[in-house]
Amino acid sequence: MMKKIKINKAVLIYFSISWILGIFVYFFGFYKEDSFIIFWFFAVAFNAVINLTALIFLLILTLVFIENRKEFVTSSLVLLFNFPFIVTFIVLVNSLLE
């Protein structure tokens with residue numbers, strides 16, 4: 001029988017919002033209007049900064065609260081799934097601006 005994986009609720013909410021933002025990036029990325037591209041570029045850049053800050057914060061919490069280490073590590077791994085959206089959006093912007 002599988003154990004339930006504990007993930008921080010705030011991280012799960014942020015991950016869901018970020019995932020939806022990534023879907024919008026893909027949807028509006030093919031609309032070649034410069035204002036949309038610039039807006040989504042700044043939205044993804046802001047998302048990347050928040051993602052990195054949350055990831056560093058979770059890794060610090062892993063060291064401070066040893067009893068919740070497994071929850072913080074799994075939450076950090078969930079946040080790492082947001083980075084493919086950031087990389088693919090940068091590739092998408094480069095292809096649209098050429």
K.L.:
Return yes if some donor-acceptor pair links the side-chain N/O of Ser75 with the main-chain N/O of Asn8 below 3.5 Å, else return no.
P.N.:
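Between the backbone of Asn8 and the side chain of Ser75 there is a qualifying donor-acceptor contact (under 3.5 Å).
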K.L.:
Using a 3.5 Å cut-off and no angle test, enumerate the donor-acceptor pairs between side-chain atoms of residues 49-69 and protein atoms at least two apart in sequence or in another chain.
P.N.:
| from | atom 1 | to | atom 2 | distance (Å) |
| --- | --- | --- | --- | --- |
| Asn51 | ND2 | Leu79 | O | 3.4 |
| Thr53 | OG1 | Val49 | O | 2.7 |
| Thr62 | OG1 | Leu58 | O | 2.8 |

K.L.:
Just verifying a value: how many Å separate Glu71 CD and Ser76 OG, rounded to the nearest 0.5 Å?
P.N.:
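Answer rounded to 0.5 Å: 10.5 Å.
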K.L.:
What distance do Phe15 atom CZ and Ile20 atom CD1 have between them, rounded to the nearest 0.5 Å?
P.N.:
10.5 Å
K.L.:
Counting heavy atoms not belonging to Phe81, are there more than 12 under 6.0 Å from its CZ?
P.N.:
no
K.L.:
Can you measure from CD1 (Ile7) to CD1 (Ile13) and round to the nearest 0.5 angstrom?
P.N.:
12.5 Å
